[in-house]
Amino acid sequence: MAKIQTPQAVRGTQDMFGETEERFAHVVATFERVRRLYGFKGLQLPVIEPTAVFSRSLGEATDVVSKEMYSFEDRGGDSITLRPEFTAGIARAYLTNGWQQFAPMKLSVHGPLFRYERPQKGRYRQFHQIDAEIIGAAEPAADVELLVMADQLLKELGINDGVTLQLNTLGDTPSRDAWRAALVGYFNDHKGALSEDSLARLEKNPLRILDSKDPKDRPIADAAPVIDDYLSGEAQDFFGAVTAGLDAAGVAWTRNAALVRGLDYYRHTAFEFVTDRLGAQGTVLGGGRYDGLIENLGGPATPAVGWAAGIERLAMLVDSPAERLDVVIAVEDDSLVLKGTAILIALRRAGFAAEAVTTGSPRKRYDKAVAKNARILFAIQLDQGNPSWTVRSKEVQADELAPIRQMVSDIISR
RNA sequence: GCGACCGUAGCUCAGUUGGUUAGAGCGCUGGUUUGUGGUACCAGAGGUCGGGGGUUCAAGACCCCUCGGUCGCCCCA
């Protein structure tokens with residue numbers, strides 16, 4: 001009989017367990033706590049959307065839509081896509097549920113996203129993000145609130161060290177269009193010196209030449225026209241209000257005039273929290289204002305701003321969260337298994353995380369229990385035919401230990 | 001989509017210019033010792049060397065294809 005080949009996990013997906021899973025859960029739990037502090041409502045959204053949700057909002061020509069989406073025809077013949085990002089789906093939900101009545105809305109989501117990309121450090125085909133958006137708020141105060149929340153989140157995760165907030169403005173529509181035209185003209189004049197990748201970008205996404213990594217492009221990109229010279233008075237005031245708000249909140253930032261967004265719907269504020277600890281995937285949290293998106297989906301002109309952060313990337317930066325067992329019980333004689341189980345049940349009902357070691361070589365159960373690394377260790381054994389017990393603990397206050405000792409003592413002696 | 005490196009036991013790895021029954025540590029199971037916050041020792045289980053094809057008297061080692069991993073490019077969180 002031919003041996004069956006065990007199927008493998010799909011490329012770029014992960015089975016998270018142990019410390020990896022604990023780090024991941026810690027990031028999500030911290031986000032859930034912080035977003036409540038800022039009054040952001042939670043959302044649960046479908047993982048699948050009509051393909052048009054993304055093709056209309058992101059643009060057919062973008063790499064995400066043209067070559068990275070998991071799209072398929074369902075049994076009814078509709079084109080369905082596994083969401084590659086959150087923002088478009090949130091905007092769709094906002095429109096199809098008539099949430100304009102609640103505007104401005106502060107929303108948060110987290111969950112899996114899917115992109116068909118080559119896996120590398122901090123990048124997967126099924127990856128996970130936390131996401132926060134404010135829809136229907138045109139004021140710079142909304143941008144500031146989101147950034148202050150992001151800053152607090154990173155601080156509470158303990159990863160703000162070595163992470164810097166880079167900030168830029170893309171201006172309002174007239175400013176952005178004028179700047180873009182100037183850039184295209186400038187880069188066309190320097191076509192001969194640009195890298196091959198940047199020549200392609202010149203056709204598809206000229207702003208992206210500004211943050212090219214190719215050393216060949218750097219001198220040209222660094223000398224390119226800057227947005228500041230094209231900003232309308234209104235756009236200037238907007239950006240000034242954002243930076244003033246950040247300063248007032250004590251959030252450190254640096255201006256990065258080369259920071260752009262790939263997607264056309266972005267306006268005004270663009271930002272990234274960047275680290276040097278994740279190799280090529282330096283952006284840990286990024287976002288901006290996308291006043292054009294909801295119109296792209298056929299809705300009314302609606303201002304909005306938001307950010308997203310990769311949970312896997314944050315989890316890699318976070319210190320290993322210590323999830324310690326409260327109590328472990330080493331049952332060193334088989335005749336005491338029922339008593340051990342009774343203690344275990346009592347402890348758990350009293351709110352302690354507890355486990356018992358009752359299997360394997362009786363003589364080695366103590367060693368196994370030690371390996372559980374619990375705060376308190378009970379060993380129960382037979383002493384001249386009578387049940388007895390010993391306790392070891394570390395970093396445990398006497399007033400916490402006393403009732404537990406009593407509980408064990410009562411059960412052993414009854 | 002492009003490039004580089006890698007794939008031997010559950011895990012981390014060794015395996016000399018191709019050459020007998022493929023090894024170690026950890027982990028696991030059992031035993032002896034110790035009666036202790038990770039004792040020491042003994043024994044055991046566990047591998048179609050990622051998969052397929054080729055070269056050769058002989059392939060874990062060499063070649064080709066393929067699948068996966070890692071790190072870059074592109075793109076992006």
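In what follows, chains are A, B, ... by sequence order, proteins preceding strands, each numbered from 1. Please read these numbers as outputs of a predicted model, since none were measured by experiment.
The aromatic rings of His190(A) and Tyr186(A) sit tilted, their planes meeting at an angle between 30° and 60°.
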Nucleotides 11-13 of chain B: which of its N/O atoms have a protein N/O under 3.5 Å away?
none

Give every pair of a protein N or O atom and an N or O atom of nucleotides 37-40 of chain B that lie under 3.5 Å apart, one pair per line with the distance.
| residue | atom | partner | partner atom | Å |
| --- | --- | --- | --- | --- |
| rG37(B) | OP2 | Arg392(A) | NH1 | 2.8 |
| rG37(B) | O6 | Arg392(A) | O | 2.3 |
| rG37(B) | O6 | Ser393(A) | N | 3.1 |
| rG37(B) | N2 | Ala374(A) | O | 3.0 |

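Within residues 27-52 of chain A, no residue has any heavy atom under 4.0 Å from RNA chain B. Taking every heavy atom of residues 126-135 of chain A and every atom of RNA chain B, pairs under 4.0 Å involve Phe127(A), Gln129(A), by number.
For Arg115(A), there are no salt bridge (Lys or Arg N to Asp or Glu O under 4.0 Å) partners at least two apart in sequence or on another chain. For the ring-ring contact (aromatic ring centres under 6.0 Å, His included) test, no residue two or more places apart in sequence or in another chain qualifies with His110(A). The side-chain hydrogen bond (donor to acceptor under 3.5 Å, both in side chains) search around Lys339(A) returns none, not counting sequence neighbours.
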Heavy-atom protein contacts under 4.0 Å, nucleotides 65-72 of chain B, coded B base, S sugar-phosphate only, - none: --SSS-BB
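Of the side-chain N and O atoms in Arg313(A), none sit less than 4.0 angstrom from OP1 or OP2 of rC76(B).
Listed by first then second residue, pairs satisfying salt bridge (Lys or Arg N to Asp or Glu O under 4.0 Å) with a partner in residues 342-358 of chain A read Glu355(A)-Lys372(A), not counting sequence neighbours. Residue pairs meeting the side chain to side chain donor-acceptor pair (under 3.5 Å) criterion with at least one partner in residues 157-167 of chain A, sequence neighbours excluded, are Gln166(A)-Asn256(A).
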Canonical and wobble pairing (Watson-Crick, G-U, under 3.5 Å) of RNA chain B, dot-bracket with |: (((((((..((((.....[...)))).(((((.......))))).....(((((..]....))))))))))))....
Review item, side-chain donor-acceptor pairs of residues 242-250 of chain A, under 3.5 Å, at least two apart:
| residue | atom | partner | partner atom | Å |
| --- | --- | --- | --- | --- |
| Thr243(A) | OG1 | Phe239(A) | O | 3.3 |
| Thr243(A) | OG1 | Gly240(A) | O | 3.0 |
| Asp247(A) | OD1 | Trp253(A) | NE1 | 2.8 |

